Structure formats: structure tokens, C-alpha cells
Amino acid sequence: MKEKGLLIVLSGPSGVGKGTVRKALFSQHDTAFEYSISMTTRAPREGEVDGVDYFFKTREEFEALIEQGKLLEYAEFVGNYYGTPVDYVRETLAKGKDVFLEIEVQGARQVREKFPEALFIFLAPPSLSELESRIIGRGTESDEVIANRLKTAREEIEMMDLYDYVVENDTVESACDKIKSIVVAGHCNREYVAKRYLKMLEVE
Ligand SMILES: Nc1nc2c(ncn2[C@@H]2O[C@H](COP(=O)(O)OP(=O)(O)O)[C@@H](O)[C@H]2O)c(=O)[nH]1
Ligand SMILES: Nc1ncnc2c1ncn2[C@@H]1O[C@H](COP(=O)(O)OP(=O)(O)O)[C@@H](O)[C@H]1O
């Protein structure tokens, strides 16, 4: 029987480039993991498609999903809910496929508790001033929101030590390469641990 797939969690502070790196990863043909499309109550942006970018839900629908235990994790971020559909994740892992989550840090902490065997990757900015430039450069927020995001980002960065790996988002291309290498290493480690156990069983 094929072994269960690996759950990969990419997280990091707001504005570090999680969405950008995730989109770049999934535009590459040799990316062998499956992206788990999140649920959200935020309104679709221009060009976003329901069931492709997100599953767009009303607050009532989202709260019903929480009550029914349909979410592996969820968090409220800048006034909207975001969450990961648990059935998709479990079914895909059971098929032996790797599943990739791109989520903010509160959600990642919940996954850590429920799926301690997942591979946790923290995307870090080259510096705080670079993070500030990226948040400002995105041009989507007011000065007040930017100041708030930066304060939150400092707190989010402090959560870095909960992760297995830190990847610096220097260039998008190099961040993608590093993430792929970590996933390969994650598989090798699991194989190594499984083989060691098998050996132990033979001895006993
Ligand atoms: N906890 C959690 N966070 C999510 C999920 N999906 C997306 N996010 C995060 O929600 C934040 C806001 O995403 P979005 O509204 O698309 O705006 P962005 O700031 O342009 O990426 C980002 O930090 C995403 O990583 C999810 O399923 N769960
Ligand atoms: N490696 C990078 N170098 C320069 N700018 C980047 C890089 N990665 C992302 N950005 C830019 O930083 C901003 C924030 O990226 P985004 O993907 O929206 O972050 P997040 O999803 O973590 O909130 C965007 O304007 C994006 O184009």
C-alpha cells in the first residue's frame, strides 16, 4: 500500500510573499503536490474564480462549516474568515498525494496541534525594512493599516521557532526551489525513520 501523503504548511507574516510564492510554485509543471483551496468570507477580487482561488462563502455558511467540524483550521484575518476544508485534505493524503496549505500563522498553529507530523515551512522576509517595502509596494492598504500590519508582522515573526524550516523569500524563484528541496528532504526523512523502525522490529 502506498504511504500516506505529506502535509506541507507554508506560512509567514502578512506581506512576506506567501501568495506570490505559492502561485509561482503551482505554475511550475514539476510541482508534485496538490494545493488545498481555502474557504473564505472575503469578497472575490477582480479575476478570482470560485473554486479556483477560493471557495467564497457567506459568514453564515462559514460559521455552519465551523460547527459541523468541516475545517481543519480557520482564522479571522483582517475582518474575514479563512479556513482549510478537512475532508479534501484527509482524502487527498489518504490517496498518497502531498497536500500544500498556504495559510496565515494562527491557522498554522492549529494545524501543528492536529497534524504534528506535517512539514512546517516559515517564509521569512530578507529584513523588516524589505517587508515594509513589500507591504507598501502592494499598494492595497492605508497608512494606518500598514502600520498595524507591520506591528502584527513582528509578532508573527516571533512564531518562527514553531516551524521545521525557515525559507528566506529573497527571490520568488529561489524560494520555490528551496521549498521543493525541503519537501524532497521531508520524504527522505520519513523513509529513513520508517526503515529504522522496520530494522528494530526485525531485531526484536
Ligand atoms: N488560516 C488560514 N489562512 C488562510 C487560508 N487561506 C488563505 N489564508 C491567508 O489569509 C491571508 C489573506 O489572504 P488574501 O485575502 O488572499 O490576501 P493576501 O494578503 O493578498 O494574500 C493570507 O495570509 C493567506 O495566507 C486558510 O485556509 N486558513
Ligand atoms: N521575492 C520577492 N521579491 C520582491 N517582492 C516580492 C517577493 N515576493 C513577493 N513580493 C511582493 O510582495 C508583496 C506581498 O506579497 P503577497 O504574496 O501578497 O504576500 P502575502 O500573501 O504573504 O501576504 C506583493 O506586492 C508581491 O509582489
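Every number for a ligand or one of its atoms is a count from 1 in the order of the listing. All values reported here derive from a predicted model rather than from experimental measurement. Side chains included, hydrogens not; waters and symmetry mates left out as well; all remaining heavy atoms used.
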Practice task
Return yes if some donor-acceptor pair links the side-chain N/O of T84 with the main-chain N/O of S38 below 3.5 Å, else return no.
Solution key: no

Exercise for the section: Answer yes or no: is there a donor N or O on one side and an acceptor on the other, between the side chain of Q106 and the main chain of R109, under 3.5 Å? Expected result: no

Exercise for the section: Please report the closest heavy-atom contact between Y81 and E76, naming both atoms and the distance. Expected result: CE2-OE1, 3.8 Å

Handout entry: Neighbouring protein residues of ligand 2 - any heavy atom closer than 4.0 Å
Key = P13, S14, G15, V16, G17, K18, G19, T20, R134, R138, N169, D170, T171, V172

Handout entry: Main-chain N/O of A175 paired with N169 side-chain donor or acceptor, under 3.5 Å
Key = no

I'd like the atom pairs linking ligand 1 to the protein - N or O on both sides, separation under 3.5 Å - with distances to 0.1 Å.
| residue | atom | partner | partner atom | Å |
| --- | --- | --- | --- | --- |
| ligand 1 | 1 (N) | E73 | OE1 | 2.8 |
| ligand 1 | 1 (N) | E104 | OE2 | 2.7 |
| ligand 1 | 3 (N) | E104 | N | 3.2 |
| ligand 1 | 6 (N) | S38 | OG | 3.0 |
| ligand 1 | 13 (O) | Y54 | OH | 3.3 |
| ligand 1 | 15 (O) | R42 | NE | 2.6 |
| ligand 1 | 15 (O) | Y82 | OH | 2.5 |
| ligand 1 | 16 (O) | R42 | NH2 | 3.0 |
| ligand 1 | 16 (O) | Y54 | OH | 2.6 |
| ligand 1 | 17 (O) | R45 | NH2 | 3.1 |
| ligand 1 | 19 (O) | R138 | NH1 | 3.3 |
| ligand 1 | 20 (O) | R45 | NH1 | 3.2 |
| ligand 1 | 20 (O) | R45 | NH2 | 3.4 |
| ligand 1 | 23 (O) | K18 | NZ | 3.4 |
| ligand 1 | 25 (O) | E102 | OE2 | 2.5 |
| ligand 1 | 27 (O) | S38 | OG | 2.7 |
| ligand 1 | 27 (O) | E73 | OE2 | 3.4 |
| ligand 1 | 27 (O) | G83 | N | 3.4 |
| ligand 1 | 27 (O) | G83 | O | 3.0 |
| ligand 1 | 27 (O) | T84 | OG1 | 3.4 |
| ligand 1 | 28 (N) | E73 | OE1 | 3.4 |
| ligand 1 | 28 (N) | E73 | OE2 | 2.7 |

Handout entry: Q110 side-chain N/O to L72 backbone N/O, donor-acceptor pair under 3.5 Å
Key = no

Practice task
May I ask you to list the residues sharing a hydrophobic cluster with Y54, side-chain cutoff 4.5 Å, ordered by chain and number?
Solution key: F56, F77, V78, Y82

Under 3.5 Å, which donor-acceptor pairs do the side chains of residues 23-30 form with other protein atoms, sequence neighbours left out?
| residue | atom | partner | partner atom | Å |
| --- | --- | --- | --- | --- |
| S27 | OG | A24 | O | 2.8 |
| Q28 | OE1 | K180 | NZ | 2.5 |
| D30 | OD1 | K180 | NZ | 2.6 |

Exercise for the section: Keeping the roles fixed (side chain from R112, backbone from L162), state whether a donor-acceptor pair exists under 3.5 Å. Expected result: yes

Exercise for the section: May I ask you to decide if L10's main-chain N or O and K18's side chain share a donor-acceptor pair within less than 3.5 Å? Expected result: no

